[in-house]
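First the structure, in the form of C-alpha cells, and then the observations on it.
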Amino acid sequence: MLNLLYYDMKATIKRSWYYLIIIAVLAVLVRFLCSNAFISFFTDINFIYGYVISVVAAGFLGAFTVLVTLIIIVYQAQWFDENILSSQGQLTNMLPVASWQIILSKIITSLIWSIILVLMAIGVICIVMVGTEYFESFAKSVVEIGANNQVDISLVGLITSVGFYFVTGITSFVSLCFVSQMIGQMFGVFRNFIILISFAVLFVVSLFLEYKVASMLGVIAPSGIATSEIVSFCIQAMAKLTVINILAILVYWFISSVILKKFLTVV
C-alpha cells in the first residue's frame with residue numbers, strides 16, 4: 001500500500017511540480033505590481049495606470065491559479081487511466097494488494113494534492129495580501145462581525161475550516177472522475193463518450209443527494225434566521241458540508257473498488 005502511494009505521488013509530482021514554482025514566482029511579481037512602490041512610478045504620468053496594471057496582474061494570477069488546479073486534476077485522471085485502465089493496469093492489478101487498496105492509494109494521492117492546492121491558494125493570497133491595507137481591513141472586518149454577532153471568530157480557524165471544505169471538495173470531485181472512468185472502461189465501444197455521460201449523470205445525482213443530505217443536516221439557512229446567528233450558522237454549515245464531502249469520497253471509493261474487483265480484473 002505504501003509503495004503504491006509512493007509511486008502514485010512520484011508520477012503525479014513529475015507532471016505538476018513546475019506549475020507550483022510558476023505560481024510562486026507570479027505571486028511575488030504580482031505583489032510587487034500591487035505595491036505602492038510600483039504604483040508610485042506612475043505619479044508623474046497618471047497614477048491610474050499603476051492601479052490598472054496591478055488589478056489586471058492580480059486577475060491574471062487568480063485565473064492562472066484556477067487553471068493550474070484544473071490541470072493538476074486532469075493529470076490525476078490521466079494517471080488513474082494509465083496506471084489502472086490501460087495496458088499498464090494489468091501489471092498494477094497483479095500486485096499483491098486488494099482492489100480497494102489500489103483505489104484508496106489514488107484517492108489519498110488526490111487528497112494530498114488537494115491539500116497542496118489549497119495551501120498554494122492560501123500562500124498566493126498571503127504573498128499578495130498580507131501586510132497591505134486591504135488585508136488589515138479584512139481582518140478587522142472579520143473581528144468586528146464576530147463581536148457584533150457575539151461569536152469569537154478566529155481568522156486562522158476560519159481559514160482552516162474553509163480550507164478543509166475545499167480539500168475534501170476537490171478530492172470528492174477527483175474521486176467522481178475516477179468512478180466515471182471506471183464505468184467507461186466497462187464498455188468496449190464509445191468509451192470516452194460513456195465516461196462523459198456517466199460523469200454528467202453522476203455529478204447531477206451527487207449534487208441532488210448532497211443537497212438532500214445538507215437539508216437534513218440543517219445546512220440550508222432558514223428564511224427567518226436572525227442576523228446575529230448568521231456567522232455561527234455559516235461556520236457550522238461549513239463543517240457539515242465537509243462531512244458530506246467525506247461521505248461522498250467514501251461512496252466513490254466503494255463503487256470504484258467494486259467495479260475494479262468484479263468487472264475489470266481477473267485476479
Side-chain angles (χ1 to χ4, degrees), residues 4-5 7-16 19 63 65-95 97-118 166-213 241 244-267:
L4 278 174
L5 185 59
Y7 284 111
D8 287 339
M9 285 301 303
K10 182 179 179 181
T12 51
I13 287 175
K14 282 184 178 179
R15 307 182 183 200
S16 308
Y19 285 111
T65 301
V66 173
L67 178 62
V68 167
T69 300
L70 295 176
I71 290 174
I72 292 178
I73 290 175
V74 170
Y75 281 165
Q76 292 179 61
Q78 289 178 343
W79 171 244
F80 184 88
D81 183 84
E82 293 174 11
N83 190 244
I84 296 181
L85 305 178
S86 66
S87 56
Q88 180 184 341
Q90 297 179 5
L91 298 176
T92 302
N93 294 325
M94 292 175 63
L95 294 174
V97 292
S99 298
W100 65 267
Q101 291 177 307
I102 295 175
I103 302 299
L104 180 60
S105 176
K106 300 296 184 294
I107 292 178
I108 293 177
T109 300
S110 172
L111 176 63
I112 294 173
W113 271 109
S114 298
I115 294 173
I116 293 173
L117 290 173
V118 169
F166 278 103
V167 165
T168 55
I170 295 172
T171 306
S172 175
F173 181 82
V174 176
S175 300
L176 175 60
C177 294
F178 293 164
V179 176
S180 303
Q181 290 173 273
M182 300 293 279
I183 294 174
Q185 188 67 19
M186 296 169 62
F187 295 84
V189 293
F190 304 114
R191 176 173 175 263
N192 291 333
F193 177 74
I194 293 173
I195 290 175
L196 178 61
I197 295 300
S198 61
F199 174 82
V201 172
L202 287 173
F203 184 72
V204 172
V205 171
S206 297
L207 285 180
F208 175 77
L209 293 177
E210 289 176 11
Y211 173 79
K212 289 298 183 181
V213 174
L241 289 172
I244 292 175
N245 287 336
I246 294 173
L247 292 175
I249 294 170
L250 294 176
V251 171
Y252 299 145
W253 172 34
F254 174 77
I255 295 174
S256 299
S257 300
V258 170
I259 294 176
L260 180 61
K261 181 179 180 180
K262 300 294 185 181
F263 301 100
L264 300 183
T265 62
V266 295
V267 294

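Remember, it's a predicted structure, so these values are computed and weren't measured experimentally.
Annotation: side-chain hydrogen bond (donor to acceptor under 3.5 Å, both in side chains) contacts of S110 (sequence neighbours excluded): Q76. The side-chain contact (heavy atoms from CB on, under 4.5 Å) search around I255 returns V179, V251, I259, not counting sequence neighbours. Qualifying ring pair (Phe, Tyr, Trp, His ring centres under 6.0 Å) partners for Y75, counting only residues two or more places apart in sequence or in other chains: none. Remark: S114 pairs with T171 by the side-chain hydrogen bond (donor to acceptor under 3.5 Å, both in side chains) rule, at least two apart or across chains. Remark: V205 engages V201, L209 in a side-chain contact (heavy atoms from CB on, under 4.5 Å) (not counting sequence neighbours). Take I13 and apply the side-chain contact (heavy atoms from CB on, under 4.5 Å) test, not counting sequence neighbours, and it matches M9, W17, W113. Not counting sequence neighbours, the partners of V258 by the side-chain contact (heavy atoms from CB on, under 4.5 Å) test are F254, K262. Not counting sequence neighbours, S198 has no partner by the side-chain hydrogen bond (donor to acceptor under 3.5 Å, both in side chains) test. Contacts of Y252 classified as ring pair (Phe, Tyr, Trp, His ring centres under 6.0 Å), with partners at least two apart in sequence or in another chain: none.
The salt bridge (Lys or Arg N to Asp or Glu O under 4.0 Å) contacts involving residues 195-205 comprise nothing, where partners must be two or more places apart or lie in separate chains. Listed by first and then second residue, the side chain to side chain donor-acceptor pair (under 3.5 Å) pairs that reach into residues 186-195 are D81-R191, Q185-R191, sequence neighbours excluded.
Ring geometry for F190 against F193 counts as perpendicular: the plane angle is over 60°, on a 0 to 90° scale with 30° as the lower cut.
Residue S180 comes nearest to L202 through the heavy atom pair OG-CD1, 4.0 Å, listed as atom of the first residue, atom of the second, then distance. Closest approach of S257 to S99, counting heavy atoms only: O-CB, 3.9 Å.
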Derivation and outcome, side-chain contact (heavy atoms from CB on, under 4.5 Å), residues I72 and I116: CA-CA 11 Å; I72 292 178; I116 293 173; over 6 Å; no
Audit row: F203, L207, side-chain contact (heavy atoms from CB on, under 4.5 Å) steps and yes/no: CA-CA 6 Å; F203 184 72; L207 285 180; 3.5 Å; yes
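Under the 3.5 Å distance criterion, the side-chain polar atoms of T109 are matched with a main-chain donor or acceptor of S105. In this structure, Q181 contributes its side chain and A77 its backbone to a donor-acceptor pair below 3.5 Å.
Annotation: the span from N245 atom CG to F173 atom CZ amounts to 12.5 Å, rounded to 0.5 Å. In this structure, CG in L104 is found 4.0 Å from CD1 in I108, a value given to the nearest 0.5 Å. To the nearest 0.5 Å, atom CD1 of residue I170 and atom CG of residue L117 are 5.5 Å apart. Rounded to the nearest 0.5 Å, atoms CG (L241) and CD1 (I246) are 11.5 Å apart. In this structure, L247 CG and I244 CD1 are separated by 7.5 Å, a value rounded to the nearest 0.5 Å.
Taking the side chain as every heavy atom from C-beta outward, M182 and F80 approach each other to under 4.5 Å. Under the 4.5 Å side-chain criterion, counting only non-hydrogen atoms from C-beta, I84 is in contact with K106. Using a 4.5 Å heavy-atom threshold, the side chains of F199 and C177 count as touching. Within the 4.5 Å cutoff, no side-chain heavy atoms of L111 are placed close to those of I107. Using a 4.5 Å heavy-atom cutoff, the side chains of I103 and F178 are not in contact.
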